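Take a look at the structure below.
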Amino acid sequence: MKNLLRTIAATAVLAAMPLAASAEEMVFASWGGAYQDAIRKAWIEPFTAATGVEVIEDTEPEVARIRGMVDTGNVEWDVVTGGNATLSDGMAHGLFEKITPEMVNQEGVIREARSDYGVPSEIFSTVIGYSTEAFPNGGPKTFADFWDVEKFPGKRAMPDKPSTVLEAALLADGVAPADVYKTLDTEEGMKRALDKISALKPSISIWWNSGAQPVQAIGSGEVVMALGWNGRFQAGVDEGLPLAMSWDQSIAQVGYFMIVKGAPNKDAAVKFLNFIIDAKNQAEFSKYVAYGPVTEAALPLIDDERKARLPSTTERLANTLFLDIPWWGKNAVSAGEAYTMMMQQ
């Protein structure tokens, strides 16, 4: 295991505690960058201070690595984070513990975000981020603009996974939001989406696998626009990078925290999941990263200025297509294979 970080709070707490009380710990793996920094400040450090449970951090919880741990019985991670693709892939391969109501009560969570195999942590959106230096008079607004290389010339960055990209491609091709998944359910519809993406390949210089990559690529001028996560783009804006986002179209997703099947510290993991789902702690997270809470009770605890940066306001959700988790649960493997083949051709 590499890149392990023991939190500052954990160190401080443990230094002040008897040795016998320092036995409980858990290992948490997420995706690094501003996102993991926010998790650490909003949840990990307060959780350790409140419970005494030490949280050891790791990064890059790819499904292939989780599957290797589960298949070999050598599970090193207790809680991992991921979006719909990670949740769907992991469910398909039986990699996550079932979350029962006795373990974590999800009654306060918005219904669309609930899952039997993960506790929702935040709502985030895939949006267009673009360089304000390349487009000082206004950049792309819609997914159709993202595909329009004549009106908006320059290199692009896209995720190396198909979720959100297939949807964006069909929306760019004129499919109504309500018909996106009905279209993808057909062989012709899937081909239409893949052909749309393939047509843009000469202008794609990066297929990113880390949320920080598109932000860095726009900041350095390597690309002029990217499909990426609003929280990562917002962090870049806050750092002074020359980038902006469009909210005219977006695809909303839900982040999840999952317990890896066979996790060695399952009791501590359950405590952690109950901590993050609390309304007060949900509201706290939005102070550090521009992702929206998954419990309605958290919204009144967030000031209006901060809510204006979040993807789950009424105005922004009106222009959003929510990722269809059941669809991805059934089609993640076949869509992933088709998408990878398209990238490699």
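Both backbone and side-chain heavy atoms feed into the values below; hydrogens, waters and symmetry mates do not. All values reported here derive from a predicted model rather than from experimental measurement.
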Give the intermediate values and the outcome of side chain to side chain contact (heavy atoms under 4.5 Å, CB included) for residues Asp248 and Asn319. CA-CA 6 Å; Asp248 283 25; Asn319 299 322; 5.8 Å; no

Ion pair present between [X] and [Y], side-chain N to carboxylate O less than 4.0 angstrom?
{"X": "Lys191", "Y": "Glu188", "answer": "no"}
{"X": "Arg309", "Y": "Asp238", "answer": "yes"}
{"X": "Asp195", "Y": "Arg192", "answer": "no"}
{"X": "Asp145", "Y": "Lys141", "answer": "no"}
{"X": "Asp179", "Y": "Lys182", "answer": "yes"}

Judged by atom type as modelled, is there a donor-acceptor pair below 3.5 Å linking the side chain of [X] to the main-chain atoms of [Y]?
{"X": "Asn265", "Y": "Ala268", "result": "no"}
{"X": "Ser334", "Y": "Asn331", "result": "yes"}
{"X": "Thr132", "Y": "Pro242", "result": "yes"}
{"X": "Trp147", "Y": "Lys196", "result": "yes"}
{"X": "Asn209", "Y": "Asp160", "result": "no"}
{"X": "Asp278", "Y": "Asn274", "result": "no"}
{"X": "Thr48", "Y": "Val53", "result": "yes"}
{"X": "Trp77", "Y": "Val260", "result": "no"}
{"X": "Gln282", "Y": "Ser121", "result": "yes"}
{"X": "Ser198", "Y": "Leu194", "result": "no"}

Roughly how far apart are [X] [atom1] and [Y] [atom2], rounded to 0.5 Å?
{"X": "Gln36", "Y": "Ser30", "atom1": "CD", "atom2": "OG", "answer": "4.5 Å"}
{"X": "Phe322", "Y": "Ser250", "atom1": "CZ", "atom2": "OG", "answer": "9.0 Å"}
{"X": "Lys201", "Y": "Gln345", "atom1": "NZ", "atom2": "CD", "answer": "6.0 Å"}
{"X": "Glu97", "Y": "Ile259", "atom1": "CD", "atom2": "CD1", "answer": "6.5 Å"}
{"X": "Glu167", "Y": "Asp324", "atom1": "CD", "atom2": "CG", "answer": "8.5 Å"}
{"X": "Leu170", "Y": "Leu184", "atom1": "CG", "atom2": "CG", "answer": "5.0 Å"}

Taking all non-hydrogen atoms of both residues, which atom of [X] and which atom of [Y] are closest, and how far apart?
{"X": "Phe275", "Y": "Ala42", "answer": "CE2-O, 4.4 Å"}
{"X": "Arg232", "Y": "Tyr291", "answer": "N-OH, 3.7 Å"}
{"X": "Ala290", "Y": "Asn230", "answer": "O-ND2, 2.6 Å"}
{"X": "Ser88", "Y": "Ala332", "answer": "CB-CB, 4.2 Å"}
{"X": "Gly219", "Y": "Leu241", "answer": "CA-CD2, 4.3 Å"}
{"X": "Phe146", "Y": "Ala157", "answer": "CZ-O, 3.9 Å"}

Compute the ring centroids of Tyr117 and Tyr256, then answer whether they are less than 6.0 Å apart.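 Here the rings of Tyr256 and Tyr117 have centres that are no less than 6.0 Å from each other.
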
Tell me whether the centres of the aromatic rings in Phe285 and Trp43 are closer together than 6.0 Å.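 They qualify: ring centres under 6.0 Å apart.
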
One pair to check against side chain to side chain contact (heavy atoms under 4.5 Å, CB included): Glu296 and Ile110. What are the steps and the verdict? CA-CA 7 Å; Glu296 292 183 358; Ile110 63 171; 3.9 Å; yes

Any non-hydrogen side-chain atom of [X] less than 4.5 Å from a side-chain atom of [Y]?
{"X": "Thr86", "Y": "Met258", "result": "yes"}
{"X": "Met190", "Y": "Leu166", "result": "yes"}
{"X": "Pro214", "Y": "Leu227", "result": "no"}
{"X": "Leu323", "Y": "Ser163", "result": "yes"}
{"X": "Leu95", "Y": "Val80", "result": "no"}
{"X": "Leu87", "Y": "Ser115", "result": "yes"}
{"X": "Glu76", "Y": "Val27", "result": "no"}
{"X": "Thr142", "Y": "Ser246", "result": "no"}

Is there a chain of hydrophobic side chains (I, L, V, M, F, W, Y, each step under 4.5 Å between heavy atoms) that links [X] to [Y]?
{"X": "Phe272", "Y": "Val294", "value": "yes"}
{"X": "Val270", "Y": "Ile39", "value": "yes"}
{"X": "Met103", "Y": "Phe28", "value": "yes"}
{"X": "Trp328", "Y": "Tyr339", "value": "yes"}
{"X": "Ile128", "Y": "Trp207", "value": "yes"}

Thr126/Gln253 under side-chain hydrogen bond (donor to acceptor under 3.5 Å, both in side chains): CA gap, chis, key distance, verdict: CA-CA 8 Å; Thr126 291; Gln253 298 165 260; 2.7 Å; yes

Determine, step by step, whether Phe233 and Ile218 satisfy the side chain to side chain contact (heavy atoms under 4.5 Å, CB included) criterion, reporting the C-alpha distance in whole Å, the side-chain angles of both residues, the deciding distance to 0.1 Å, and the verdict. CA-CA 10 Å; Phe233 287 139; Ile218 292 175; 3.9 Å; yes

With side chain to side chain contact (heavy atoms under 4.5 Å, CB included) as the criterion, how do Ile66 and Phe96 come out once you've worked through the C-alpha distance, each side chain's angles and the decisive distance to 0.1 Å? CA-CA 9 Å; Ile66 300 170; Phe96 302 132; 4.2 Å; yes

Which residues pass the salt bridge (charged side-chain N to carboxylate O under 4.0 Å, His left out) test with Arg316, not counting sequence neighbours?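 Arg316 satisfies salt bridge (charged side-chain N to carboxylate O under 4.0 Å, His left out) with no residue once adjacent residues are dropped.
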
Taking it one step at a time, do Asp185 and Trp327 satisfy side-chain hydrogen bond (donor to acceptor under 3.5 Å, both in side chains)? CA-CA 9 Å; Asp185 260 336; Trp327 189 90; 2.9 Å; yes

